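In what follows, a structure is listed as structure tokens, so that the remarks can point back to it.
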Amino acid sequence: MRDMKAVVLCAGAGTRLRPLTFSRPKHLLPVAGRPLLGIALDTIIAAGIKQIALVVGHQAEAVQGFVGDGSAWGAEVSYVTQEQPLGLGHAVNCAREYVGDCPFVVFLGDNLLEAGIGDFVASFRADEPEAALMVRPVDDPRQYGVAEIRADGNVERVVEKPAEPKTNLAIVGVYAFNSSIFEAIDNIQPSARGEYEITDAIQWLVDSGRPVSTTVLEGFWEDTGAPDALLRANRLYLDRQQHRIEGTINGVSEANGMLQIGTGTRVYDCRIIGPCFIGDNCVLHDAVIGPHVSLGDGCQVRNSAIEDAIIQDSCRIEDLPAGLKRSVLGEQVVVIGDAQGNSPLHLILGDMARIRVI
Ligand code: G1P
């Protein structure tokens, strides 16, 4: 069989993550200090796939600026533009010329999988079905594609976001295809939401009698399309991070648990409760940070408590002793409390927002 390629879909506007995504593609939002797309590329490379096309649209320049030619990952990265947001089937079709007649993986750039895709790719190559899906039991399947599976493990039916799901098996955002998926895409119509659904193309393969295999995914899986899921992913990655302190923590401070503290960062009279990721060149004074906090580079925090949060580069947080919790902040955000407030704040703020309690 020919070498596999990968097509990473990162054209979406990330509407459920607004306002964070007004000035940044959702695929570059960080969890535990690393952009989602960087983690996705690591996962693909770990499965031995080096030829990768990124399907870009919304904020394409930022994605290209981050990944470049892929050499930082040891990959050969090409770019394909999806001019209009017409669905995942349409996005895959944009990469048709790039893929040619190679087998390929489609990876939704906002999906995070603990187990990686190495075993999935290996069994696709060994068994040679027409297409392969990963599925995962979930509590509320209505927000996903849902699969019904036959006794032999192959797909019987797949339905996109059904109001009354027949099973609890969500379709994970990683698929393996060969070029027959393009024939399937040619034969589908837009769905009720006006999109060419990859799920409908997979159903077309099934209806044409082609085997579509399934693997039940082990380990955690997050589709980080909304703030709560992004925070959940941040907690999962922080729980698995190594301990590495490069900055300085003064003697009066207390620091416990797994921590990463970057170079040039100075911590004075603080309590840091791991796991936390604190970037480079931050200054923290009289603060309680953690657990599950990611702070970008160049942040300043004074007289405040922060828990379960993603704070991006160059933010300033002052006088919030009651705390900032379950929050996601863009870059260069300033939040200044009045030091007396008794209630914690829960904030989702885009780049350069300014909040002052008066
Ligand atoms: C997409 C797919 C859906 C799949 C999900 C996984 O949905 O359409 O079938 O279950 O990704 O992340 P979206 O998250 O784009 O709404």
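Each ligand, and each atom within it, is numbered from 1 in the order the structure gives. Note that the structure is predicted; figures quoted are calculated from it, not measured.
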Checklist entry - Backbone N or O of E318 within a donor-acceptor pair of the N303 side chain at under 3.5 Å? => result no
Checklist entry - Considering only the protein, which heavy-atom contact is closest to atom 11 (O) of ligand 1, and what is its distance? => result L108 CD1, 3.2 Å
Item to check | Side chain, backbone, both or neither: the part of D110 lying under 4.0 Å from ligand 1 by heavy atom | outcome: neither
Item to check | Under 4.0 Å to a heavy atom of Y144 - the qualifying atoms of ligand 1, by number | outcome: 10 (O)
Checklist entry - Hey, does G145 come in under 3.5 Å of ligand 1, counting only N/O atoms on both sides? => result yes
Checklist entry - So how far is it from N234 CG to L112 CG, rounded to the nearest 0.5 Å? => result 10.5 Å
Checklist entry - How about R240 and L236: do any of their side-chain heavy atoms sit closer than 4.5 Å? => result yes
Next on the checklist: Need the ligand 1 atom indices (1-based, order shown) with element for anything under 4.0 Å from a heavy-atom of T199.
Outcome noted: 9 (O)
Checklist entry - What about the rings of F220 and Y237, do their centers lie closer together than 6.0 Å? => result yes
Next on the checklist: Does the residue K161 have a heavy-atom contact with ligand 1, meaning some pair of atoms that are separated by less than 4.0 Å?
Outcome noted: yes
Checklist entry - Do any nitrogen or oxygen atoms of D223 come within less than 3.5 Å of a nitrogen or oxygen of ligand 1? => result yes
Checklist entry - How far is atom 6 (C) of ligand 1 from its nearest protein heavy atom, and which residue and atom is that? => result I171 O, 3.5 Å
Next on the checklist: Under 4.0 Å between a side-chain nitrogen and a carboxylate oxygen: does that hold for E254 and R271?
Outcome noted: yes
Checklist entry - Given that the side chain starts at C-beta and the backbone is N, CA, C, O, which of these parts of I198 lies under 4.0 Å from ligand 1, counting heavy atoms, or is it both or neither? => result neither
Checklist entry - Does D308 reach the side chain of P291, with side-chain heavy atoms less than 4.5 Å apart? => result no
Next on the checklist: I want to check something: taking the side chain as every heavy atom from C-beta on, are H27 and D110 in contact at a cut-off of under 4.5 Å?
Outcome noted: yes
Checklist entry - Is there at least one pair of N or O atoms, one from N111 and one from ligand 1, spaced under 3.5 Å apart? => result yes
Checklist entry - What about L88: any of its N or O atoms under 3.5 Å from an N or O on ligand 1? => result no
Item to check | F182-F104 aromatic ring centre distance below 6.0 Å | outcome: yes
Item to check | Test of proximity, E160 against ligand 1: N or O pairs below 3.5 Å | outcome: yes
